[in-house]
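Input: a single structure, listed below in structure tokens.
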Amino acid sequence: MTKRRPWFKFHTQDWRADPALRMCSPAARGLWADMLSLMHEAEPYGFLLVGGVAPSSKQLARLLSIDETLIGDLIGDLSANGVFSTDPDGVIFSRRMVRDAEISETSREHIAKRWGSSTKSKGVTSAPIRTPNRVP
């Protein structure tokens, strides 16, 4: 089941300070930003998948409105500088996004364990009902 994720953390300082990314051309960096958006919408999170399938270079060029003759060079630029990683099947993924998702899930589990059990044991099912401070 795909989770609804309307936004993602974007660390501007990390974006500007990442030497591997800074060595890439401006066009390659723009491609990476678009790829991050696709990876944010993918399942599993952080992987370059569309509908569960890795897009070909030609499909990626169409998806991102980039000339098909440029896409290979731009991805090559990102790859040569170590901007992304690939899984054993060759699927591109963002190390940062995968790491952040793992931390988020672990934190969510810890919160549920800590607070979920205590609210059940006390019989609390919702927030208390608050009435306005009015004198009848």
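Being a predicted model, the structure only gives us computed values, none of them experimental. Counting begins at 1 with the first residue of the sequence.
Side-chain atoms of Ser107 come within 3.5 Å of backbone N or O of Ile103 as a donor-acceptor pair. Although no hydrogens or angles enter the test, the distance criterion places no donor-acceptor pair under 3.5 Å between the side chain of Arg22 and the main chain of Ala17. Although no hydrogens or angles enter the test, the distance criterion places a donor-acceptor pair under 3.5 Å between the side chain of Asn81 and the main chain of Asp77. Proximity of a side-chain donor or acceptor of Gln59 to a complementary backbone N or O of Ser56 within less than 3.5 Å is detected. In terms of modelled atom types and a separation under 3.5 Å, the side chain of Asp87 and the main chain of Asp89 share a donor-acceptor contact.
Residues Met39 and Ile92 share a closest heavy-atom pair of SD-O, 4.4 Å. Heavy-atom minimum distance, Val98 versus Phe93: CG2-CD1, 3.8 Å. Of all heavy-atom pairs spanning Pro55 and Leu49, the tightest one is CD-CA, 4.4 Å. Ala61 and Glu68 make their closest contact through CB-CG, 3.7 Å (heavy atoms, listed as atom of the first residue, atom of the second, distance). Gly82 and Arg95 get closest at one heavy-atom pair: O-NH2, 2.9 Å.
Remark: Ser94 OG to His40 NE2 distance equals 12.0 Å, nearest 0.5 Å. In this structure, OG on Ser25 lies 5.5 Å from CG on Leu74, to the nearest 0.5 angstrom. Between Leu63 atom CG and Ser37 atom OG the span is 12.0 Å, to the nearest 0.5 Å.
Leu38 and Trp32 fall within a single hydrophobic cluster, where Ile, Leu, Val, Met, Phe, Trp and Tyr are joined by side-chain heavy atoms under 4.5 Å apart, directly or via other members. Linking ILVMFWY residues whenever their side-chain heavy atoms come closer than 4.5 Å, directly or via other members, leaves Leu60 and Val91 in distinct clusters. Phe84 and Ile71 fall within a single hydrophobic cluster, where Ile, Leu, Val, Met, Phe, Trp and Tyr side chains are chained together by heavy-atom contacts under 4.5 Å. Note on Leu64: it clusters hydrophobically with Leu48, by side-chain heavy-atom contacts below 4.5 Å among ILVMFWY residues. The hydrophobic clustering, which links ILVMFWY residues whose side-chain heavy atoms are closer than 4.5 Å, places Met23 and Leu70 apart.
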Does the salt bridge (charged side-chain N to carboxylate O under 4.0 Å, His left out) test come out yes or no for Asp100 and Arg96, once each step is laid out?
-> CA-CA 6 Å; Asp100 285 352; Arg96 175 69 178 259; 3.3 Å; yes

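In this structure, Met97 and Phe47 have side chains that are not in contact, with every pair of non-hydrogen atoms separated by 4.5 Å or more.
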